[in-house]
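Keep in mind that what you see is a predicted model, and the values were worked out from it rather than measured.
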Amino acid sequence: MDKRSYINHAKAWECIEDHEAARETPFVRHARTLAQQAQLPACSAAVGGLLNTYETLTHASSVIVIGTGSLVETAQLVEGLHGEGKLTAVDSSVQGGAQVRMLLKSMEDDTRTTLRMVSAQPGVYLQRLNGADYDLIVVCGDASNYEPSYEQAPRLLKHGGTIVFTDALAMASPHAKGGLTNPADRSPKAVMMRGLLDRIEDDERFVTALTPAGTGLLIAGYR
């Protein structure tokens, strides 16, 4: 790929991002504002839109979002449930958990969706949930969220369910040096994601695809 191709790809990413940002609803924009005010990371508009659309197309009705202040992802997933089903948000950080709880509380009177916020480590909390009860798991934020979520996914997901890992290229971490695009990046999330990609792509229980939305989405469907 020559320099011109790289420039064209960057322009395409920017165009798509602007397009999806303009389509965000007031609730999603409110979530993005809360994230900015709290200095929490927010996913790209393209990632948020894709999560919402994927959730709708697969008719997911029971969703877990695991993240560190994953306000925009949570807002998009709440809206994608269209007033039905249930959503459980799991956040081990004090600040992120408080912001997600505030976001969900602001939506309680406007939806029939069952909303639950849990402040806990994913590796501890996910083991307590009922098996084969979830259609979609979305994993965001700190590197420590990813491996425990993958380990529990085959037990938690219904057959045909999906686990989605955001920032699959590990470029959004404050310690990143290019993430998976830079073989020399040995930051914790980059190292973890290289191993996780190999494991889940070799796991015959899943069918996977790595997409270029945002800083990468790894979509893994449970057979």
K.L.:
Step by step, work out the side chain to side chain contact (heavy atoms under 4.5 Å, CB included) result for R194 and L180.
P.N.:
CA-CA 7 Å; R194 289 189 186 99; L180 271 61; 4.0 Å; yes
K.L.:
Under 6.0 Å from the NE2 atom of H175, do we count more than 12 heavy atoms belonging to anything else shown?
P.N.:
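Counting neighbours around NE2 of H175, 12 or fewer heavy atoms of other residues, nucleotides or ligands fall under 6.0 Å, so no.
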K.L.:
Is a donor on one side and an acceptor on the other found under 3.5 Å between the side chain of R32 and the backbone of C43?
P.N.:
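Judged by distance alone, yes, a pair lies under 3.5 Å.
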K.L.:
Grab the two heavy atoms, one from G179 and one from M171, that are nearest each other, plus how far apart they are.
P.N.:
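Smallest heavy-atom distance, with atoms named: CA-CG, 4.3 Å.
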K.L.:
Can D91 and S70 be counted as having a side-chain donor-acceptor contact under 3.5 angstrom?
P.N.:
no
K.L.:
For G83 and R112, which heavy atoms make the closest approach, and how far apart are they?
P.N.:
O-CB, 3.1 Å
K.L.:
Checking T111 side chain against E108 main chain: does a donor-acceptor pair fall under 3.5 Å?
P.N.:
no
K.L.:
Output the distance between atom OH (Y146) and atom CD1 (I163), rounded to the nearest 0.5 Å.
P.N.:
10.0 Å
K.L.:
Could you tell me whether the side chain of E55 reaches within less than 4.5 Å of the side chain of L81, counting heavy atoms only?
P.N.:
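Yes, their side chains come closer than 4.5 Å.
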K.L.:
According to a hydrophobic-cluster definition based on side-chain heavy atoms being under 4.5 Å apart (Ile, Leu, Val, Met, Phe, Trp, Tyr only), do L104 and I137 belong together?
P.N.:
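As far as the 4.5 Å side-chain criterion goes, I137 and L104 are not connected within one cluster.
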K.L.:
With a 3.5 Å distance limit and no angle check, can you tell me whether S93 reaches the backbone of T68 through a side-chain donor-acceptor pair?
P.N.:
no
K.L.:
Enter the distance from S173:OG to M193:CE here, rounded to the nearest 0.5 Å.
P.N.:
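It comes to 12.5 Å.
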K.L.:
Does the side chain to side chain donor-acceptor pair (under 3.5 Å) test come out yes or no for E73 and T166, once each step is laid out?
P.N.:
CA-CA 10 Å; E73 296 93 332; T166 70; 4.6 Å; no
K.L.:
Can you name the one residue among V47, L218, L217, V164 that meets side-chain contact (heavy atoms from CB on, under 4.5 Å) with T211?
P.N.:
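Per the side-chain contact (heavy atoms from CB on, under 4.5 Å) rule, the option paired with T211 is L217, out of V47, L218, L217, V164.
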K.L.:
Starting from the C-alpha separation in whole Å, work towards a yes-or-no answer on side chain to side chain contact (heavy atoms under 4.5 Å, CB included) for N145 and C140.
P.N.:
CA-CA 7 Å; N145 295 331; C140 323; 6.0 Å; no
K.L.:
Suppose the criterion is salt bridge (charged side-chain N to carboxylate O under 4.0 Å, His left out): which pairs have a residue in residues 177-191, not counting sequence neighbours?
P.N.:
D167-K189
K.L.:
Quick one: does K158's side chain get under 4.5 Å of S62's, heavy atoms only?
P.N.:
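The answer is yes, as the side chains (C-beta and beyond) meet within the 4.5 Å cut-off.
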K.L.:
Taking CZ in R29 as the centre, count heavy atoms belonging to other residues, nucleotides or ligands within less than 6.0 Å. Is the count above 12?
P.N.:
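More than 12 heavy atoms, drawn from other residues, nucleotides or ligands, come within 6.0 Å of this atom.
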K.L.:
According to a 4.5 Å side-chain heavy-atom criterion applied to Ile, Leu, Val, Met, Phe, Trp and Tyr, with indirect links allowed, do Y125 and V139 form part of one hydrophobic cluster?
P.N.:
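Yes, because Y125 and V139 connect within a single hydrophobic cluster, where side-chain heavy atoms sit under 4.5 Å apart.
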K.L.:
In terms of side-chain heavy atoms, does T162 have a donor or acceptor partner in Y54 at a distance below 3.5 Å?
P.N.:
yes
K.L.:
Run the side chain to side chain contact (heavy atoms under 4.5 Å, CB included) check on S44 and T215 step by step: do they pass?
P.N.:
CA-CA 8 Å; S44 77; T215 52; over 6 Å; no
K.L.:
Can you hop from L103 to V78 via hydrophobic side chains spaced under 4.5 Å?
P.N.:
yes
K.L.:
Taking all non-hydrogen atoms of both residues, which atom of L197 and which atom of A168 are closest, and how far apart?
P.N.:
CD1-O, 4.5 Å
K.L.:
Look at the rings of F206 and Y150 and say which category their plane angle falls in: under 30° parallel, 30 to 60° tilted, over 60° perpendicular.
P.N.:
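Taking Y150 first and then F206, their aromatic rings sit tilted (interplane angle of 30° to 60°).
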K.L.:
State plainly whether one hydrophobic cluster holds both L51 and L156, where clusters connect Ile, Leu, Val, Met, Phe, Trp and Tyr through side-chain heavy atoms under 4.5 angstrom apart.
P.N.:
no
K.L.:
Under the criterion side-chain hydrogen bond (donor to acceptor under 3.5 Å, both in side chains), which of E79, E20, Q76 is the partner of N52?
P.N.:
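When E79, E20, Q76 are each tested with N52, the side-chain hydrogen bond (donor to acceptor under 3.5 Å, both in side chains) holds only for Q76.
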K.L.:
Do side-chain atoms of T53 reach the backbone of L50 as a donor and acceptor pair under 3.5 angstrom?
P.N.:
no
K.L.:
Check whether any side-chain heavy atom of V28 sits under 4.5 Å from a side-chain heavy atom of V72, and report yes or no.
P.N.:
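Heavy-atom side-chain distance check passes, below 4.5 Å.
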K.L.:
Tell me which pairs pass salt bridge (charged side-chain N to carboxylate O under 4.0 Å, His left out) where either residue lies in residues 198-209, with sequence neighbours left out.
P.N.:
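Sorted result for residues 198-209: E147-R199, E151-R199, D203-R205.
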K.L.:
Under the 3.5 angstrom rule, does the side chain of T181 hit a backbone N or O of G178 as a donor-acceptor pair?
P.N.:
yes
K.L.:
To the nearest 0.5 Å, how far apart are OG1 in T74 and CD in Q99?
P.N.:
12.0 Å
K.L.:
To the nearest 0.5 angstrom, please state how far the NE2 atom of H82 sits from the OG atom of S61.
P.N.:
12.0 Å
K.L.:
Between T113 (side chain) and E84 (backbone), is there a donor-acceptor pair under 3.5 Å?
P.N.:
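Checking the backbone N and O of E84 against the side chain of T113, a donor-acceptor pair under 3.5 Å is found.
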K.L.:
I want to check something: taking the side chain as every heavy atom from C-beta on, are L77 and L136 in contact at a cut-off of under 4.5 Å?
P.N.:
yes
K.L.:
Return the minimal non-hydrogen interatomic distance between F27 and S106, and the atom names on each side.
P.N.:
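Taking F27 first and S106 second, the nearest heavy atoms are CE1-OG, 3.9 Å.
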K.L.:
Using every non-hydrogen atom in the two residues, find where L71 and A31 come nearest and quote the distance to one decimal.
P.N.:
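Closest approach of L71 to A31: O-CB, 3.6 Å.
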K.L.:
Kindly work out whether a path of hydrophobic side-chain contacts (I/L/V/M/F/W/Y, heavy atoms less than 4.5 Å apart) joins I200 to L126.
P.N.:
yes
K.L.:
Is a side-chain donor or acceptor of E24 paired with a backbone partner of A45 at a separation under 3.5 angstrom?
P.N.:
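Looks like no, no N/O pair under 3.5 Å.
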K.L.:
What pair of heavy atoms forms the shortest contact from V100 to A89, and how long is it?
P.N.:
CG1-CB, 3.8 Å
K.L.:
Any donor and acceptor pair, going by atom type alone, linking the side chain of Q152 with main-chain N or O of G123 inside 3.5 Å?
P.N.:
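Checked: no pair found.
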K.L.:
Does this structure show an ion pair linking K11 with E14, if we count only N-O contacts that are shorter than 4.0 Å?
P.N.:
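No, no charged N to carboxylate O under 4.0 Å.
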K.L.:
Given side chain to side chain contact (heavy atoms under 4.5 Å, CB included), test T88 with L129 step by step and report yes or no.
P.N.:
CA-CA 11 Å; T88 301; L129 298 176; 5.6 Å; no
K.L.:
Parallel, tilted or perpendicular for Y222 and H159, by the 30°/60° rule?
P.N.:
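It falls in the parallel class, under 30°.
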